[in-house]
Amino acid sequence: MPVIPLRGLSVLPGMVLHFDISRDRSIKAVEAAMSGDQKIFLVTQRNPDHNNPGLPDLYEIGLEAKIKNVAKLPQGIIRVMVEGCERGQLLDLDESGAYLTGEIEEIIWEPLELNEATKTAMVRALQELLKRYCQLNQKFGKDMLRQTLEITSLSELVQQIAVHLPLFYEERQKLLEAMDLAEEYDTLCTVLVNEMEIIQIRNEIQQKVKERVDKNQKEYILREQIKVIQEELGENTLLSDVENYKKAALELEAPEKVKTKLLKEIDRLKGIGNNSAESSVLRGYIETLLELPWDHASQDNQNLKNAEKVLNEDHYGLEKVKERVLEYLAVRVLSGKGTSPILCLAGPPGTGKTSIARSIARALGKEYVRISLGGVRDEAEIRGHRRTYVGAMPGRIASGLRQAGVKNPLMLLDEIDKVSSDYKGDTASALLEVLDSEQNSRFRDHYVELPLDLSQVLFVATANDLHTVPRPLLDRMEIIEVNSYTANEKLHIAKDHLVKKQLERHGIKKEQLTITKPALMAIINGYTKEAGVRQLERKIGDICRKAARELLEGHETKIRVGEKNLEKYLGRKRYTIQKKNPANEIGIVRGLAWTSVGGDTLQIEVNLMPGKGEFLLTGQLGDVMKESAQTAISYIRSVSEEYQIESDFFQKKDIHIHIPEGAVPKDGPSAGITMATAILSAVTGIPVRADVAMTGEITLRGRVLPIGGLKEKLLAARQAGMRTVIVPWENKEDVEEISKEITEGMEFIYAKSMPEVLKTALVPSKD
Ligand code: ADP
């Protein structure tokens, strides 16, 4: 019988199917069969890749089949339709002819010797299996299932299922090789169970894959939708922004390290997209890095003559300050380094510290940034917050640099005496790192994360009171004292600078408004009380405002403000100078004080009352002043014999010390000798000279110790008309340094101890 070896295909009895053949031998076999009884033997190759299989390459069991139809297809392919008939065993194969011929032994199955009940049970069991299979494999048609379930004959059922089940050829081959119905039945059941397991596993895998794909798909679609929406709204800026950032990063004048970090962060931004909260934080960070002046510097103007000109242009007087500034600049130019000490301008408010700093920047052609340190308590304000904090920002120093846009600006650290530390870290030590030339070339801001180079920044600090500046900070700065102005200096400043500035600010021309010299003097003495010129400037501003209105309303075209019509513009005088008392009095002494608004005279009054030796202090005094009063009393008691004071005097009398103008808090030790003099005068009944003012600290043994703020104090004494001033011996040199404008015509008594003070102050007894 002609034999056709099949590749990847097994045919079972009862199956009708077609397959294509192209091998020459197979085509010839079909032709031979067609010319004979149309029977052919189909046998499956063990290995489908084999092109010329011999007997050992074929399974032993095959199938006799009847050719039903042959059709020629293009390219020499023949499509054969066959119907499977009986199983047969291939005993021998003749390969010598044009086609394979085989010796076949037909396999006849023995009938099954089983009772009907068993058969029915077997039928049902198989049907059950098939049902479950169909549930899993939806592809196995419902019609097919119904038809199959109607079959009651075991052999027919087995055959139908075997034929219709979509099986791999190897499984079919196993069914084909069954030696009787019982074996085929068993094999079929095993195959079914196996198939179900495979399908189940496959379904599970598919489900998982599907879920994953669904999720990705959903996200993808949503993202695409967002993109479209953003495009519609013109918001899809991310990509263009990323490009711009990258471009800016590559063009940035910065060290490689900074660029690498920037590019990394930009990539990260691209990764996280535009919508998360993190992206805006990241954008802020990238923009900060891009705006910081890493290697970008401006050219300094090193011409000292120019610097001098600018300083003189902007400020009247302040000779010493200007001189120190110019020396400092000269050293900077010569050494070519920025590592000279930091300048600190110290003095009362309104004396031009900030504006001098601005002038220095102008003189050097530097960018100017002002960092106000007043009230800074948190270290993070200086050093920045770490980026993990919500709302993190760079510190003030880094922000200042960013604002300046160059790495060598003049940075004004305003009010450096007002920083304080609390539990949130040590602000002073953070500042120390900023100012220390050893460390500040690698200043670390927590937010920026990369080291910043501050070594080329010119730092200028200002302070009102150096006592509160921490010592280590003070050591790193070169202190330049800016003193309060005398009335005369104020007059000059007003005439040359303030009036001009205010006129300009109010849009008034020089010809339209004149403020006379006496008027300015009256403002200085009657309307302001200050060390600097801020109030004065404000008062001039007030006049300008009123004048502007008058000019606009057309009442006048030219306004002249003199002493006479000053009240019209500024109202009643606010201050009168406390003049010296008209007569010598017992228990009243004029002291001198230094306050934040400059110098002032301080009248100390002492009264004695019958009592139990108690002692009372009033008038808003600080602790130091109270202790100083106590010391004064102790001293007086210790010398009571010399002044013929009765020994039980201090047990029988109460002493009340009062310092008027209670609204102004007063503190400091410099009223010590004043209080001692007042008490002694009250106790002994000897009057005190009304034209003597004094200042000095007292010790228990009556020594007189030096004090500060002398210039302001003497200024106040002069204005009050005091002609004799008692000053501690150790302040003698300070007095000599003070300008003649103040000291002219005044008599100074330099005292080392209390008796010298008393000798001058107490009115000598007539006898
Ligand atoms: P500070 O910083 O010491 O508190 P400012 O620098 O703010 O004081 O000065 C207050 C105002 O006084 C500024 O308008 C400043 O220009 C002006 N000023 C102070 N001193 C002088 C001076 N010597 N010459 C000219 N203007 C001055």
Side-chain angles (χ1 to χ4, degrees), residues 307-326 342-363 368-376 410-419 458-466 468-469 477-506 515 517 520-521 523-524 527-545 594-599 709 711-712 715 739 741-742:
E308 192 176 353
K309 193 176 129 250
V310 171
L311 288 180
N312 282 332
E313 234 169 61
D314 289 354
H315 293 94
Y316 169 86
L318 297 172
E319 269 77 27
K320 253 198 199 156
V321 179
K322 289 178 190 164
E323 205 172 295
R324 290 279 293 276
V325 169
L326 288 172
I342 283 90
L343 282 183
C344 176
L345 301 166
T351 46
K353 300 182 293 296
T354 319
S355 84
I356 277 227
R358 207 177 300 127
S359 275
I360 299 176
R362 189 162 86 92
Y368 166 84
V369 273
R370 173 168 171 266
I371 293 173
S372 170
L373 294 176
V376 168
L410 184 147
M411 204 176 265
L412 179 71
L413 304 173
D414 213 2
E415 307 200 303
I416 202 164
D417 54 334
K418 304 281 191 315
V419 296
L458 172 56
F459 286 107
V460 177
T462 75
N464 286 339
D465 185 3
L466 291 176
T468 55
V469 180
M477 300 191 289
E478 189 174 327
I479 309 295
I480 300 182
E481 279 194 32
V482 184
N483 288 320
S484 48
Y485 295 118
T486 62
N488 215 348
E489 284 170 323
K490 288 183 190 174
L491 182 66
H492 278 286
I493 296 173
K495 212 160 52 73
D496 299 345
H497 298 276
L498 304 182
V499 173
K500 228 182 276 170
K501 228 192 302 179
Q502 290 301 324
L503 285 181
E504 215 168 277
R505 193 167 294 167
H506 290 85
I515 306 177
K517 257 196 202 180
L520 286 174
M521 208 56 186
I523 301 173
I524 291 165
Y527 293 87
T528 66
K529 188 168 188 173
E530 59 177 346
V533 291
R534 227 180 250 160
Q535 279 185 34
L536 177 58
E537 190 172 9
R538 208 171 303 138
K539 289 291 167 201
I540 296 173
D542 287 351
I543 295 179
C544 289
R545 243 190 0 255
W594 186 86
T595 64
S596 61
V597 295
K711 182 180 171 189
E712 284 80 8
L715 204 59
S739 82
E741 191 196 325
I742 301 172

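Just the heavy atoms: all of them, side chains too, but no hydrogens, waters or symmetry mates, feed the values below. Positions are given from 1 along the sequence. In each ligand, atom 1 is the first atom listed, and ligand 1 is the first ligand listed.
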Nearest non-hydrogen protein atom to atom 23 (N) of ligand 1, with distance, is Tyr316 O, 2.9 Å
Ligand 1 N/O within reach of Leu498 N/O, cut-off under 3.5 Å = no
Given that the side chain starts at C-beta and the backbone is N, CA, C, O, which of these parts of Ile356 lies under 4.0 Å from ligand 1, counting heavy atoms, or is it both or neither?
-> neither
Does the side chain of His315 reach to within under 4.5 Å of the side chain of Ile356, using non-hydrogen atoms?
-> yes
Quick one: look at His315 and ligand 1, take heavy-atom pairs under 4.0 Å, and tell me if it's side chain, backbone, both or neither.
-> both
Return the residue, atom name and 0.1 Å-rounded distance of the protein heavy atom closest to atom 11 (C) of ligand 1.
-> Glu537 OE1, 3.3 Å
Which of the numbered atoms in ligand 1 are below 4.0 angstrom from a heavy atom of Val533?
-> 12 (O), 17 (C), 18 (N), 19 (C)
Mind listing the closest non-hydrogen atom pair of Ile479 and Arg324 along with its distance?
-> O-NH2, 3.0 Å
Any chance you could measure Ile742, atom CD1, to Glu712, atom CD, to the nearest 0.5 Å?
-> 8.5 Å
Roughly how far, to the nearest 0.5 Å, is CD of Glu481 from NZ of Lys711?
-> 10.5 Å
When you look at Asp414 and Ser372, which way does the side-chain hydrogen bond (donor to acceptor under 3.5 Å, both in side chains) test go after all the steps?
-> CA-CA 5 Å; Asp414 213 2; Ser372 170; 5.6 Å; no
Check Leu318 against ligand 1 and report side chain, backbone, both or neither, counting heavy atoms closer than 4.0 Å.
-> side chain
Short N-O contact, Lys490 and Glu530, less than 4.0 angstrom = no
Would you check whether Asn464 reaches within less than 4.0 Å of ligand 1, judged by its heavy atoms?
-> no
Can you list the steps and then say if Thr486 with Glu489 is a side chain to side chain contact (heavy atoms under 4.5 Å, CB included)?
-> CA-CA 5 Å; Thr486 62; Glu489 284 170 323; 3.4 Å; yes
Distance to 0.1 Å, residue and atom name: give those for the protein heavy atom nearest to atom 2 (O) of ligand 1.
-> Thr354 OG1, 2.3 Å
Of the backbone atoms (N, CA, C, O) and the side-chain heavy atoms from C-beta on, which set of Thr351 has a member under 4.0 Å from an atom of ligand 1: side chain, backbone, both, or neither?
-> both
Quick one: which ligand 1 atoms are inside 4.0 Å of a heavy atom on Tyr485?
-> 20 (N), 21 (C), 22 (C), 23 (N)
Closest heavy-atom pair, Asn488 versus Met521, reported as atoms and distance to 0.1 Å, is N-CE, 4.3 Å
Side chain, backbone, both or neither: Lys501 near ligand 1, heavy atoms under 4.0 Å | side chain
Roughly how far apart are Thr351 OG1 and Ile493 CD1, rounded to 0.5 Å?
-> 9.0 Å
Residue selection (non-hydrogen contact nearest atom 4 (O) of ligand 1) among Lys353, Arg534, Glu415 = Arg534
Report yes or no: does a heavy atom of Gly317 sit under 4.0 Å from some atom of ligand 1?
-> no
Nearest to atom 6 (O) of ligand 1, what protein heavy atom do you find, and at what distance?
-> Ser355 N, 2.9 Å
Can you tell me the protein heavy atom closest to atom 26 (N) of ligand 1 and the distance?
-> Ile493 CG2, 3.6 Å
Distance in Å, Ser359 OG paired with Lys322 NZ, rounded so as to fall on 0.5 Å steps | 8.5 Å
Hey, what do you get for NE2 (His506) to CG (Asp542), rounding to the nearest 0.5 Å?
-> 8.0 Å
Taking distance alone, with no angle check, do Pro349 and ligand 1 share an N/O pair under 3.5 Å?
-> no
